[in-house]
Amino acid sequence: MSSVPRRTVLGAAAAVSALAGLPATASAAPATPSANKPLALPGGGDLGPNVIVFDPSTAGIQAKLDQVFAQQETAQFGTGRYAFFFKPGTYSGLNAQLGFYTSIAGLGLSPDDTTINGDVTVDAGWFNGNATQNFWRSAENLALVPVSGTNRWAVAQAAPFRRMHVRGSLNLAPNGYGWASGGYIADSRIDGQVQPYSQQQWYTRDSAIGSWLNGVWNMVFSGVQGAPAQGFPNPVYTTLATTPVSREKPFLYLNGTEYRVFLPEKRTNASGVTWGNGTPRGTSLSLSQFYVAKPGVTAATLNQALTQGLHLLLTPGIYHLDQPIQVNRANTVVLGLGYATLVPDNGVTALKTADVDGVRLAGFLIDAGTVNSSTLLEVGPAGTTTDHSANPTTVQDVFVRIGGAGAGKATTSMVINNRHTIVDHTWLWRADHGTGIGWDVNRADYGLVVNGADVLATGLFVEHFNKYDVQWNGERGRTIFFQNEKAYDAPNQAAIQNGSIKGYAAYKVGDNVTVHEGWGLGSYCYYNVAPTIVQHNGFAAPNRSGVKFHDLLVVSLGGQGQYEHVINETGAATSGTSTIPSTVVSYP
C-alpha cells in the first residue's frame with residue numbers, strides 16, 4: 001500500500017440541474033382523515049421526476065443511464081439525486097455506471113426476478129484511478145451476469161451493495177488497482193470470487209460468496225457462507241459464523257402494477273441471504289400507506305402525514321427542515337430513495353423518534369446546516385429503558401455529513417437512546433475536503449453517542465470528529481466492524497488535548513460500562529496540518545473483564561501523526577512512514 005493520503009482535497013463540485021427523467025406513478029388512496037386534520041394528506045401517488053423506472057421494453061435505457069452518469073460522475077457536492085428502478089424481467093447489453101447520489105435497484109421480491117445481462121459499474125476514472133472518494137451510491141435487489149464474468153464495484157463509504165446476486169465475480173478495486181477504501185455488502189450472493197485487491201477495509205454481512213481473494217488491513221465477515229477463516233492479523237480476516245441480530249432494509253417492489261414496500265423480518269444468529277427459497281419472510285405495505293414526499297415540502301407537512309398514520313417515502317432531492325421530523329408511532333417507516341437529503345435549518349434536529357417499537361429509518365442523508373445543531377438524529381428520548389428486543393428500531397444506510405457541500409455544524413451527529421436499536425451501516429462524516437471545511441468551520445465534536453443499552457452496530461463508519469468519534473455509554477453494546485479516521489485538520493497538539501491525555505480516542509466506552517464487545521475495529525490518523533501530533537490511543541475503555549475487544553488496529557498514514565497505543569495502554573506504537581498497522585488480537 002502507498003503511504004500517500006487516502007483522500008485529496010477537491011474543489012466544490014458545481015451544482016447541477018435536475019433531469020426530467022421518466023416519472024413513475026402509483027395509484028393513490030386517500031388516508032383516513034383524523035379528527036383534528038379534516039384536510040387529510042393523500043397516500044401514494046407519483047414518485048417524481050428523479051425516480052426513473054424501466055421495463056424490458058423501454059427504449060433508450062443505456063442512453064438515460066449514460067445521461068445521468070455524465071451529470072453525476074464528478075458531482076460530489078452537487079444537488080442532483082436519482083433512483084433507477086428496473087421492473088422484473090431480463091435486460092441485456094447494459095452497463096449502468098453509477099455516479100454520486102445515484103441508486104439502482106430491481107422491483108422484484110427477489111433479486112433473481114430482475115436480471116441484467118451486463119454490469120453495474122463504479123470506477124474511479126474521474127479521480128485519476130483513486131476510488132477513496134466514491135461515496136453516496138448504491139445497488140440493491142438485482143441479479144447481474146457481468147459481461148466479462150466480473151463486475152467492478154470500486155466504492156468508498158456510504159455505498160451499500162445490498163440484496164444483490166452476482167452470477168460471476170465481484171472486483172472491489174478501481175481499474176489500475178488504485179487506492180480504495182470501502183465498503184459494505186449485505187444479504188447478497190456472489191457466485192464467484194470477491195476480489196478486494198487494494199481495498200483497505202470491508203464488512204460483509206449475512207451473505208454467501210464463492211471465495212474471497214485477499215485483504216489489506218481489515219476484512220470483517222458475520223453470517224457469511226463461504227467467508228475465509230478467522231486469521232487476524234495475518235491474514236487480516238475477522239470472521240463470525242453468524243450475526244447476532246439483523247433485519248434487512250425495507251425496499252420498494254412491484255406486486256403486479258401496485259408499488260409496495262417490503263419489510264423483512266428480524267433474524268437472530270443469521271447466516272446467508274434472506275431470499276432464494278420462496279417468498280422472503282416479512283410483511284409489506286401498500287404505497288397508499290406512505291406520504292410520498294417531494295423536495296420543497298415542509299417539515300410541518302411531513303409531521304402531519306406521520307400524525308395521520310402514514311409512513312414517509314422521501315423521493316430524491318434535498319429537503320430543508322425548520323423543525324424536526326417527529327416519528328412517534330410504533331412501526332413507522334421512513335424510507336429515502338436516491339439519497340434523499342435532509343438539511344436542518346436554524347439549528348434544529350433533523351429527525352427524532354419516540355420510545356416506541358419497530359421504527360425503520362433507511363436510505364437517506366442528513367447534511368448539517370449552517371447554524372449549529374446540537375444533534376442531527378435522535379433515536380428515542382434521553383433516559384429511556386424500555387425493552388425493544390422483540391421489535392427493535394433499525395437505522396440503515398442513514399448517513400450524516402458536516403461540511404463539504406458548504407459550511408455545516410453539529411455538536412453530535414447521531415444519538416441512540418432506545419434500547420436494542422440496530423445501527424446497520426452508517427457513515428458519519430465531518431468533511432475533510434470540499435467547501436466549508438476547517439477545524440472550527442465545520443465543527444462537530446461527536447459522531448455517534450450511544451446511551452441506550454443492548455445496542456448493536458453492524459458496519460460502523462465514523463470519521464474526522466473534533467473530539468470522540470464514538471462515545472458509547474450504554475450497557476451491553478456490540479459493534480461488528482468499525483472504520484475511522486481521526487480529523488486531518490487539527491492545527492496542533494493542544495487542539496486535541498483531552499485533559500492529560502493526548503487526543504480523543506476514536507472509540508470510547510464510558511467509564512461506568514461493565515459489559516461491551518467489539519470485533520474488527522480500525523482507526524487511522526493522518527494529521528497533515530500538524531504531522532508531529534501524537535494520539536495516545538485509538539480505543540479507550542474500562543479495563544474490566546466484561547469489556548472485550550477482538551482484532552483491533554491503528555495505522556499512521558505515511559507518518560502524518562502517530563499513535564502511542566492501540567487500546568488504553570496496550571498495543572505497540574505506530575512509527576515511521578511505512579503505514580503498517582499496529583494490532584491487538586484480544587483485549588483485555
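One is the number of the first residue; the rest follow in order along the sequence.
Remark: R281 fails to qualify as a cation-pi partner of W275 under the 6.0 Å distance and 45° angle criteria applied to the six-membered ring. Cation-pi contact between R137 and F100: present, with separation from the ring centre below 6.0 Å and deviation from the ring axis of at most 45°. Taking the centre and axis of the six-membered ring of F465, the NZ or CZ atom of R430 falls outside the cone set by 45° and 6.0 Å.
Residues passing the side-chain contact (heavy atoms from CB on, under 4.5 Å) test with T570 are I567, V584, Y587, sequence neighbours excluded. Taking the side-chain contact (heavy atoms from CB on, under 4.5 Å) definition, one finds that D191 meets it with H165, R167, R189, sequence neighbours left out. D119 is linked by a side chain to side chain donor-acceptor pair (under 3.5 Å) to nothing, counting only residues two or more places apart in sequence or in another chain.
In the model, E463 has a side-chain atom that pairs as donor or acceptor with a side-chain atom of Q483 under 3.5 Å. Side-chain contact check for S523 and Y563: at least one donor-acceptor pair (N or O, by modelled atom type) lies under 3.5 Å.
Considering all non-hydrogen atoms of both residues, G576 and S556 come closest at O-OG, 4.5 Å.
Ring geometry for Y237 versus F221: interplanar angle over 60°, hence perpendicular rather than tilted (30 to 60°). F539 and F549 have tilted rings, their planes meeting at an angle from 30° to 60° on a 0 to 90° scale.
With V334 as the fixed residue, the side chain to side chain contact (heavy atoms under 4.5 Å, CB included) test singles out one of V359, T353, V398, L361: L361.
F461 and H425 have their aromatic ring centers within a separation under 6.0 angstrom.
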